[in-house]
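To start, the structure itself, in structure tokens.
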Amino acid sequence: MTRRYYITTPIYYVNDKPHLGHVYTTVACDALARFKRLDGFDVKFLTGTDEHGIKVKQAAEKAGMDPQAFTDQVSQTFRDLIKTMNYSNDDFIRTTEDRHEKACQILWKKLVAAGDIYLGKYSGWYAIRDEAYYGEEELTTTPDGKKIAPSGAECAWVEEESYFFRLSAWQDRLLAFYEKNPDSIMPETRRNEVISFVKSGLRDLSVSRTNFDWGVPVPDAPGHVMYVWIDALTNYITAIGYGDGEDSAEFKKFWPADLHMVGKDILRFHTVYWPAFLMAAGLEPPKRVFAHGWWTIEGQKMSKSLGNVISPDGLVARYGVDASRYFMLREVPFGNDGDFSHAQAILRINNDLANGLGNLAQRTLSMIAKNCGEAVPAFGTLTPEDKQLLEMAQVKMLAAVRTELDRQRFHKALEEIWNVVNAANGYIDAQAPWGLKKTDPARMETVLYVLAETIRCLALIVQPFVPDSAAKMLDQLSIPAHNRDFSSLDAAHALQSGTKLPPPQGVFPRIVEDEQKAANG
RNA sequence: GGCGGUGUAGCUCAGCCGGUAGAGCAGAGGAAUCAUAAUCCUUGUGUCGGGGGUUCAAGUCCCUCCACCGCCA
């Protein structure tokens, strides 16, 4: 059995500056990718940027730049996040790369050969600003006869030659696919939306444009470039070598993707258009598309005009990478919308990370440093309490977390982990090793051993979420690099008594802000 | 308007195929003092949105009304 796992973020449109929303999607994928790697899978984790389209072309002109130079620059702001947020992506795709043009054209030709693409004429009310067509009934007319879209953009009647994808022919096969693969769209409420959309009937899809040239040229059709979706969605197969043909080893290995993570705004494209394109080309649809929710900021929509957009740099400067990652994944049931409030972030970070896991490690390791010769203590006969905690940490926790993450329930996975953190803090209080120090030093060592071993397990499993902090904890337990994947998360790989330990250091700092700053948000 | 969803403790949310409500956080009280002024224990009498119905029994099923949200290229 191939234990492989292919996970993707959307490609981000370079017209936008990176913000909390982008980071949220990618962090979720990153945590999953890291988890799967540690769990023994051969993982491919892809992210990238979407760089074509009339808007980009215009933005480049406005900046007085060549479009390629312009996208090079803007795309870089997204690549910078790899360091800022500590992403572990295996590749970064850009739609302006040669390999992508190749892949798009191969796919296009497949669709043509299958008879699913034909030349037609597109006409309608077009708003350049929105890069979108509107129906007559959506428009309002100004006194001087201008047609205005609901967005406020001015529209003009446009007719152009365009290639169409025969989406209308795929309705039944799409519905059959959803039926047979109930987990292919999550959460369930999104699945319902998609199904009802498809049931309401599908129109053919315009898939080329002649009014701009910043895109992938349509094969054998001078003047046409591919329009948005074939170009953008194809990135998922480009990155695994589809440009070298569908027999390429990497493509065979990684397709179909296990998970396309998307924001709910692009759900339809991923669950209707994309599977239809793929099936038409004789390829399998992705196994799952998961649409997560949006963040509001202190109860308000995130928007430039409100000036409440959270930048990745700002986020990390304030809380640190790991704490930021933790908060995003822990605070909200994944799939729901959530609110980002600084007060809540501080509460969560301080309670769970600093006071919970961080303090547990610190109190345990400093007792060991002071009382056990700076080495992993010896242990005697284990009591039922000892065994119970170890069983939780070494056996049950990983299974539970695995189950939750396989359904993208990040908050639940973290909750499972923190059940063990809380149990350990309860255990240390009940056992009171600081009292045993005088009455029964041998028992004290056993208790500290059980705690240290529990912390080892916790540090291992927390790696996907807070990679740097986890590494520090593992360093403090002198765990070698080759014993840090989940195959070591069991009793057989437990700490060896006598192993020298470095001096303990705090791993999760408390966030302390003066009231003024906290009040201002 | 059509389809779907939500409305449960101050806040965020669990409550599977019905048997008289739970968790975390916040708040209150206490214990302990190893630790990042951290930890542990105790503490929840809520019209389960309103009204009606089915049932021995309904947040849990049915109808209806109200509010909010999503999708309808």
Side-chain angles (χ1 to χ4, degrees), chain A residues 122 124 130 132-135 137-138 164-165 167-168 171 185 187-207 227-229 263-269 271-273 276 291 293-294 296 299 301 323 330-341 343-372 409 411-412 414-416 418-419 421-438 444 447-448 451 455 469 504-512:
Chain A
Y122 200 105
D130 302 344
Y133 283 86
Y134 291 94
E137 71 285 353
E138 294 179 89
F164 284 81
F165 174 75
L167 185 63
S168 58
Q171 180 170 347
I185 305 172
E188 200 180 340
T189 160
R190 300 294 166 202
R191 179 172 184 267
N192 293 340
E193 282 178 15
V194 170
I195 289 175
S196 95
F197 172 75
V198 173
K199 276 188 176 159
S200 75
L202 296 173
R203 297 208 296 261
D204 288 350
L205 196 66
S206 170
V207 289
Y227 178 60
V228 202
W229 297 113
K264 59 188 183 182
D265 53 328
I266 50 174
L267 211 222
R268 183 198 310 153
F269 313 121
T271 55
V272 182
Y273 303 175
W294 297 137
T296 52
K301 237 181 123 172
R330 175 61 243 252
E331 181 64 4
V332 177
F334 199 71
N336 292 7
D337 288 348
D339 183 50
F340 194 109
S341 112
Q344 192 62 22
I346 291 170
L347 218 47
R348 198 103 232 179
I349 291 166
N350 284 348
N351 280 340
D352 297 358
L353 294 179
N355 302 348
L357 180 56
N359 187 237
L360 171 70
Q362 184 66 11
R363 64 199 303 206
T364 301
L365 294 175
S366 64
M367 279 204 82
I368 289 174
K370 284 177 195 161
N371 303 300
C372 307
R409 289 189 290 229
H411 67 297
K412 283 287 189 185
L414 288 166
E415 197 177 303
E416 289 289 348
W418 258 259
N419 282 343
V421 172
N422 295 334
N425 267 324
Y427 170 89
I428 195 171
D429 246 68
Q431 301 299 324
W434 47 90
L436 294 168
K437 186 174 165 183
K438 293 160 200 158
M444 176 201 73
V447 167
L448 291 177
L451 284 163
I455 291 164
S469 310
Q505 284 179 334
V507 170
F508 296 106
R510 284 177 62 80
I511 309 283
V512 183

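Here is how names work: the chains are called A, B, and so on, in the same order as the sequence lines, proteins then strands, and each is numbered from 1.
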Structure string for RNA chain B in dot-bracket form, Watson-Crick and G-U at under 3.5 Å, | interchain: (((((((..((((........)))).(((((.......))))).....(((((.......)))))))))))).
Residue whose closest nucleotide on RNA chain B lies nearer the 5' end, A:Ala354 versus A:Asp204: A:Ala354
Distance between P atoms of B:rA38 and B:rG19 (Å, rounded): 41 Å
Touch class at under 4.0 angstrom, heavy-atom based, for A:Tyr427 against every strand present: nothing
Sugar-phosphate, base or nothing in reach of A:Val194, heavy atoms under 4.0 Å: nothing
Nearest to side-chain heavy atoms of A:Arg190, which nucleotide of B:rA38, B:rC34, B:rG70: B:rG70
Under-4.0 Å side-chain N/O to phosphate OP1/OP2 contact, A:Asn351 with B:rA26: yes
Nucleotides 1-17 of chain B: protein proximity per nucleotide (B base, S sugar-phosphate only, - neither; heavy atom, under 4.0 Å): ---S-------------
Touch class at under 4.0 angstrom, heavy-atom based, for A:Gly201 against every strand present: base
Sugar-phosphate, base or nothing in reach of A:Leu202, heavy atoms under 4.0 Å: base
Sugar-phosphate, base or nothing in reach of A:Lys370, heavy atoms under 4.0 Å: sugar-phosphate
Along RNA chain B (nearest heavy atom to each residue), the more 5'-positioned of A:Met367 and A:Arg268: A:Met367
